[in-house]
Amino acid sequence: MTLSDQASGHERVSAERGRCAGAGQCVLAAPAVFDQDDEEGLVLVLVERPPESQSDAVREAVWSCPSGALTLR
């Protein structure tokens, strides 16, 4: 299944903080869904089940994560 098949508004996004490199690509792609903590700069998921209107941004964030820390299910 491709990322475009997965993003229909009912999916859940998660982040593996131990794998995060703190690059911030997710925040740039989808600032309404992701942020970074102040201490280590690691990913924070603000909205686990983003609305369909955020589908493209979330797919971009997952695709652009250099450490592969994001998952869309």
### Message
Under the rule for side-chain contact (heavy atoms from CB on, under 4.5 Å), what residues qualify as partners of Cys65, not counting sequence neighbours?
### Response
Ser67, Ala69, Leu70

### Query
If every non-hydrogen atom of Gly22 is compared with every non-hydrogen atom of Leu42, which pair is closest and at what distance?
N-CD2, 4.3 Å

### Query
If you round to the nearest 0.5 Å, how far is OG of Ser55 from CD of Glu60?
13.0 Å

#### Entry: salt bridge (Lys or Arg N to Asp or Glu O under 4.0 Å) partners of Asp37, counting only residues at least two apart
Arg17

#### Entry: Residues which pass side-chain contact (heavy atoms from CB on, under 4.5 Å) with Glu16, listed by chain and number, not counting sequence neighbours
Arg19

### Message
To the closest 0.5 Å, what do you measure between CD (Glu11) and CZ (Arg59)?
### Response
9.5 Å

#### Entry: Residue list, salt bridge (Lys or Arg N to Asp or Glu O under 4.0 Å) with Arg12, at least two apart or on another chain
Glu48

### Message
If I compare all heavy atoms of Leu46 with all of Pro31, which pair ends up nearest, and what's the gap?
### Response
CD1-O, 3.8 Å

### Minimum heavy-atom distance between Ala15 and Val45, given as atom pair plus value
CB-CG2, 3.7 Å

### Message
Under the rule for side-chain contact (heavy atoms from CB on, under 4.5 Å), what residues qualify as partners of Ala23, not counting sequence neighbours?
### Response
Gln25, Pro66

### Task
Check the pair Leu72 / Val58 against side-chain contact (heavy atoms from CB on, under 4.5 Å), numbers first and verdict last.
CA-CA 8 Å; Leu72 182 63; Val58 171; 4.0 Å; yes

### Query
How close do Val43 and Cys26 get, heavy atom to heavy atom, and via which atoms?
CG2-SG, 3.7 Å

### Query
Mind checking whether Thr71 and Val13 have side chains closer than 4.5 Å, heavy atoms only?
no

